[in-house]
Amino acid sequence: MTLYPKLILDALATVRYPGTGKNLVEAEMIADNLRIDGMKVSFSLIFEKPTDPFMKSVIKAAEAAIHTYVSDEVEITITAESKQAARPEPGKLLPQVKNIIGVSSGKGGVGKSTVAANLAVSLAKLGYKVGLLDADIFGPSMPKMFQVEDAHPYAEHVDGRDLIVPVEKYGIKLLSIGFFVDPDQATLWRGGMASNALKQLIGDANWGELDYFLIDLPPGTSDIHLTVVQTLALTGAIVVSTPQAVALADARKGINMFINDKVNVPILGLVENMAWFTPAELPENKYYIFGKEGAKKLAEEMNVPLLGQIPIVQSICESGDKGTPVALDENTVTGRAFLQLAASVVRQVDKRNVEMAPTEVVKMHK
């Protein structure tokens, strides 16, 4: 049997690309590198992006079509090309970001997102360039906390790639899955799908130059945490807890997850949220409604820094619901507490970077 290009193209015309419904020839997905050598055929299929979800299935369908409509004796080699440049490898992502910090908690309900949002605002008030990624795929809260629920991020073409442009508010670059899903519908995704969405928010966004990139992780330990660790070189992690015993038990697990040999992310410190209740009319009074200094004792026990103690006041809840983080007003009790927390984080990051510097110098000389 003699093979010629039209036989191959006619077979490929029976395969439709699911994204558009057009066949491969009609969609102009077949590159002009079709080669025939006896019973050997090789060519490339052109996809819009290197992360095209239909890539593998379309390649298999193309092979099957040639075997069905031409001959099952044809040896086929199909390579995939993309119009856009590939996403950088995990180690090379975000080259313009100086420090990447994960904000985590062992359990939900301890105010982790509130701490992440106000820490970001406080770092920006200290003059740093800050980015904040809402990585809580199943319970995104940052759009509401920053009053940008109606924002619709768009993409721009940068260096051969279409990159999402983060929303900017209070001097902070912000992205959340909440911008792309219906807020009234539950996000019913398996772990792999959630992880892929997170990788896009990290690697397919134009974050630009940042001094601090904060990642508000979901509570507990999950695929999302592993995805972040495997995708980015984290500077360190911050663990948030209340003084309550049940929260501390989970915070201990959260710390252990990061320092595990397989994860190996430094703990920058522990934040005790809801450390005490202070009524607005009696700012000097402290009521320890969730226990006293539980996180402080845990920090001492696990030999990690206590970065700060954040009191609970009514304005924290009200400000979060209104989309105006309390850290915007440094004249309040909580505003000052978050500024002190930001200063503590900067000191710990600087300390770690100084400790890491000699190791990096040694590596460079090798």
Side-chain angles (χ1 to χ4, degrees), residues 100-124 130-153 164 166-189 191 193-195 197-198 200-202 205 207 212-225 227-228 237-242 247 250-251 254 271-274 310 312-329 334-335 337-338 341-342:
I100 304 172
I101 299 173
V103 182
S104 180
S105 67
K107 70 189 300 296
V110 299
K112 168 189 54 61
S113 293
T114 298
V115 169
N118 283 281
L119 174 58
V121 169
S122 297
L123 286 168
V130 182
L132 175 59
L133 173 62
D134 185 356
D136 194 346
I137 299 295
F138 302 104
S141 53
M142 290 304 168
K144 185 171 187 63
M145 297 184 81
F146 280 82
Q147 204 176 15
V148 287
E149 293 168 281
D150 295 329
H152 299 288
I164 305 166
V167 174
E168 293 200 34
K169 189 73 178 282
Y170 307 131
I172 297 161
K173 291 183 178 180
L174 173 70
L175 273 183
S176 168
I177 197 66
F179 294 137
F180 307 98
V181 297
D182 186 339
D184 298 322
Q185 299 294 322
T187 305
L188 302 175
W189 291 353
M193 191 172 177
S195 294
L198 181 60
Q200 283 190 288
L201 293 179
I202 294 172
W207 290 104
Y212 288 93
F213 182 45
L214 303 183
I215 303 177
D216 179 28
L217 294 164
T221 55
S222 67
D223 286 353
I224 298 299
H225 298 77
T227 297
V228 169
I238 294 171
V239 178
V240 180
S241 179
T242 64
D250 289 325
V271 176
E272 185 175 74
N273 195 32
M274 308 182 201
I310 311 298
I312 179 172
V313 295
Q314 186 174 344
S315 60
I316 286 187
C317 175
E318 293 172 348
S319 298
D321 289 344
K322 291 178 182 177
T324 53
V326 291
L328 290 169
D329 186 357
T334 44
F338 278 116
L341 171 61

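These figures come from a predicted structure and were not determined experimentally. In what follows, every heavy atom counts, from backbone to side chain, and hydrogens, waters and symmetry copies are set aside.
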*asked:* List the residues meeting side-chain contact (heavy atoms from CB on, under 4.5 Å) with K173, not counting sequence neighbours, and say none if there are none.
replied: P166, E168, W207, L210
*Is there side-chain contact between F146 and I172, with heavy atoms separated by less than 4.5 Å?*
yes
*Atom pair OG1 (T334) and CG (N273), whose distance is rounded to the nearest 0.5 Å*: 10.5 Å
*Atom of V110, atom of S105 and distance for their closest heavy-atom approach*: CG2-CB, 3.6 Å
*Compare every heavy atom of L217 with every heavy atom of G102, then report the nearest pair and how far apart it is.*
CA-CD1, 4.1 Å
*V103 versus V240: any side-chain heavy-atom pair under 4.5 Å?*
yes
*Side-chain heavy-atom pair V148, L174 within 4.5 angstrom cut-off*: yes
_For S122, give me all partners under side-chain hydrogen bond (donor to acceptor under 3.5 Å, both in side chains), at least two apart in sequence or on another chain._
none
*Nearest heavy atoms of M145 and A117, plus distance in Å*: CE-CB, 4.2 Å
*Looking only at atom types and distance, does a side-chain atom of N118 sit under 3.5 Å from a main-chain N or O of F338, one as donor and one as acceptor?*
no
*asked:* Please find the pair of heavy atoms, one from A124 and one from V130, that lie closest to each other, and give the distance.
replied: N-CG2, 3.7 Å
*When rounded to the nearest 0.5 angstrom, what is the spacing between CD1 in I310 and CG in L119?*
9.0 Å
*Identify, with sequence neighbours excluded, every residue that meets side-chain hydrogen bond (donor to acceptor under 3.5 Å, both in side chains) alongside D216.*
K112, S113
*asked:* Going by the rule side-chain contact (heavy atoms from CB on, under 4.5 Å), which residues pair with P143 if we only count those two or more places apart in sequence or in a different chain?
replied: D134, E149, S176, F179
*State, to 0.1 Å, how close V167 and P153 come at their nearest heavy-atom pair, and which atoms those are.*
CG2-CG, 3.9 Å
*Hey, does V271 have a side-chain heavy atom less than 4.5 Å from the side chain of L341?*
yes
*Atom CG of L175 and atom CD1 of I202: how far apart are they, to the nearest 0.5 Å?*
10.5 Å
*For residues L133 and L201, determine if any side-chain heavy atom of one lies less than 4.5 Å from a side-chain heavy atom of the other.*
yes
*Shortest non-hydrogen contact from A116 to M142?*
CB-CE, 4.0 Å
*Steps toward side-chain contact (heavy atoms from CB on, under 4.5 Å) verdict (I100, Y212)*: CA-CA 6 Å; I100 304 172; Y212 288 93; over 6 Å; no
